[in-house]
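All residue numbers refer to positions in the sequence shown, counting from 1.
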Amino acid sequence: MNRTEVAGIGWAVAASDCAGGTDEAGESVADSKRVIVLASGDGSNLQALLDAGVEVVLVASDRPDAYALERGRLAGVDTAVVRPADHPDRRAFDRALRDLVAATRPDAVCLAGFMRVLGPEFVRAFPDRIVNTHPSLLPAFRGAHAVRDALAYGVRVSGCTVHLVDEEVDHGPVLFQAAVPVEDGDDEASLHERIKREEHRLLPVAVGLVASGRVRTDGRRAWLTAEVPGR
């Protein structure tokens with residue numbers, strides 16, 4: 001089997017070993033922890049979480065037509081919409097979203113294609129509990145057009161980064177990274193599709209570990225604790 005090597009929090013694992021929401025010992029990392037998912041679009045990363053058995057208790061979106069909401073409803077998950085247009089400014093939107101999420105008492109918050117930059121008040125409410133995935137090997141190609149920018153630059157290897165969210169864009173401590181070779185003839189769609197496969201493998205693992213309280217940080221470094229707190 002062709003195995004894409006993955007680097008992540010304190011160890012190296014193979015991406016194929018991460019499928020199904022298990023950690024490096026092959027144990028479940030979902031463990032009935034409460035996870036909130038924020039999404040703006042199709043929700044394929046949300047589906048990966050649901051398929052892995054992560055306990056998603058709310059799917060929230062800034063767009064009422066986001067298909068991620070339908071994925072949530074089909075899975076029996078509560079959904080909500082917080083539209084920026086319904087609030088006088090960005091800060092008010094951030095506060096409304098923060099209050100909605102906080103009311104659910106989340107163990108982790110996952111950004112699954114959420115296309116809004118979260119403000120400081122939201123980020124500070126959930127320190128080291130917000131997980132994002134980005135379609136590049138950060139710090140390369142930050143921003144909304146990472147795959148397009150990587151192809152324009154002519155890189156031979158791209159990939160994805162699953163990271164904690166801080167107050168800067170695409171900047172927080174790295175949890176996992178997976179390399180994805182750029183193939184001859186790739187366009188933005190074909191390369192992005194292969195990157196998504198790696199995101200779908202790694203995101204449930206990272207979210208499960210964060211929700212279980214097993215991730216610790218020191219500046220830009222993240223590592224995995226040996227035991228789940230409280231056990």
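A salt bridge links R83 with D86: the distance from a Lys NZ or Arg NE/NH1/NH2 to an Asp or Glu carboxylate oxygen falls below 4.0 Å. No salt bridge links D149 with R142; every basic N to acidic carboxylate O contact stays at or beyond 4.0 Å. The residues K33 and E55 are annotated as not salt-bridged, no charged nitrogen and carboxylate oxygen being separated by less than 4.0 angstrom.
Within 6.0 Å of atom CZ in R73, more than 12 heavy atoms from other residues, nucleotides or ligands are found, so the atom counts as buried in its surroundings. In this structure, R156 places its CZ atom where more than 12 heavy-atom neighbours from other residues, nucleotides or ligands lie under 6.0 Å away.
To the nearest 0.5 angstrom, L111 atom CG is 12.5 Å from L46 atom CG. Summarising the geometry, atom OG belonging to S158 is positioned 5.0 Å from atom CG belonging to L191; distances are rounded to the nearest 0.5 Å. Note: H134 NE2 to D170 CG = 4.5 Å, rounded to the nearest 0.5 Å. Going from atom CG of D166 over to atom CZ of R124 covers 11.0 Å, rounded to the nearest 0.5 Å. To the nearest 0.5 Å, the span separating CZ on F114 from OG on S61 amounts to 7.0 Å. Rounding to the nearest 0.5 Å gives a distance of 6.5 Å between OG of S44 and CZ of R71.
Residues F176 and T161 fail the side-chain proximity criterion, which asks for heavy atoms closer than 4.5 Å. At least one side-chain heavy atom of L164 sits less than 4.5 Å from a side-chain heavy atom of T217. At a threshold of 4.5 Å between non-hydrogen side-chain atoms, the residues C110 and L38 do not count as touching.
Checked by atom type and distance alone, the side chain of R98 never pairs as donor or acceptor with a backbone atom of A125 at under 3.5 Å. Looking only at distances, no side-chain donor or acceptor of R34 sits under 3.5 Å from a matching main-chain atom of A108. Q177 places a side-chain N or O within 3.5 Å of a backbone atom of L138 that can act as its donor or acceptor partner. Between the side chain of D218 and the backbone N or O of R221 there is no donor-acceptor pair closer than 3.5 Å. One N or O on the side chain of S212 and one on the backbone of G208 form a donor-acceptor pair closer than 3.5 Å. Although no hydrogens or angles enter the test, the distance criterion places no donor-acceptor pair under 3.5 Å between the side chain of D94 and the main chain of E121. Within the 3.5 Å criterion, the main-chain N or O of M115 finds a donor-acceptor partner in the side chain of S40. No donor-acceptor pair under 3.5 Å is formed between the side chain of D99 and the backbone N or O of A96. Side chain of T133 to main chain of E199: no donor-acceptor pair is present (N/O by atom type, distance under 3.5 Å, no hydrogens or angles). Between the R216 side chain and the G213 main chain, a donor and an acceptor come within less than 3.5 Å of each other.
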| side-chain contact (heavy atoms from CB on, under 4.5 Å) between H163 and H171: does it pass, once the steps are laid out? | CA-CA 8 Å; H163 65 97; H171 179 267; over 6 Å; no
| request: Check the pair V180, V157 against side-chain contact (heavy atoms from CB on, under 4.5 Å), reporting the backbone distance first and the verdict last. | output: CA-CA 6 Å; V180 176; V157 177; over 6 Å; no
| said: Please determine whether side-chain contact (heavy atoms from CB on, under 4.5 Å) holds for the pair L49 and L203, giving the CA-CA distance in whole Å, both sets of side-chain angles, and the decisive distance to 0.1 Å. | reply: CA-CA 7 Å; L49 295 174; L203 189 60; 4.2 Å; yes
| Does the pair I36 and V57 meet the rule for a side-chain contact (heavy atoms from CB on, under 4.5 Å), with working shown? | CA-CA 6 Å; I36 311 306; V57 298; 3.3 Å; yes
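Grouping the Ile, Leu, Val, Met, Phe, Trp and Tyr side chains by contacts below 4.5 angstrom, directly or via other members, places V101 apart from V117. One hydrophobic cluster, built from ILVMFWY side chains closer than 4.5 Å, holds both I130 and L100. Two different hydrophobic clusters hold V109 and V215 under the rule that ILVMFWY side chains link at heavy-atom gaps under 4.5 Å. With hydrophobic clusters built from ILVMFWY side chains whose heavy atoms lie under 4.5 angstrom apart, V123 does not share a cluster with V131. Note on V207 and L58: separate hydrophobic clusters, where clusters join Ile, Leu, Val, Met, Phe, Trp and Tyr whose side-chain heavy atoms are under 4.5 Å apart, directly or indirectly.
Contact record, L50 with A75: CD1-CB, 3.9 Å, taken as the closest heavy-atom pair. Minimum interatomic distance between A48 and P204 (heavy atoms only, all atoms of both residues): O-CG, 3.7 Å. Closest heavy-atom contact between E198 and C160: CB-SG, 3.8 Å. For the pair V162 and A206, the tightest heavy-atom approach, listed with the atom from each and the gap, is CG1-CB, 3.5 Å. Smallest separation of non-hydrogen atoms from V210 and D128: CG1-O, 3.6 Å. When all heavy atoms of E188 and L151 are compared, the pair lying nearest together is N-CD1, 3.4 Å.
The aromatic rings of F141 and Y153 sit perpendicular, their planes meeting at an angle over 60°, well past the 30° parallel limit.
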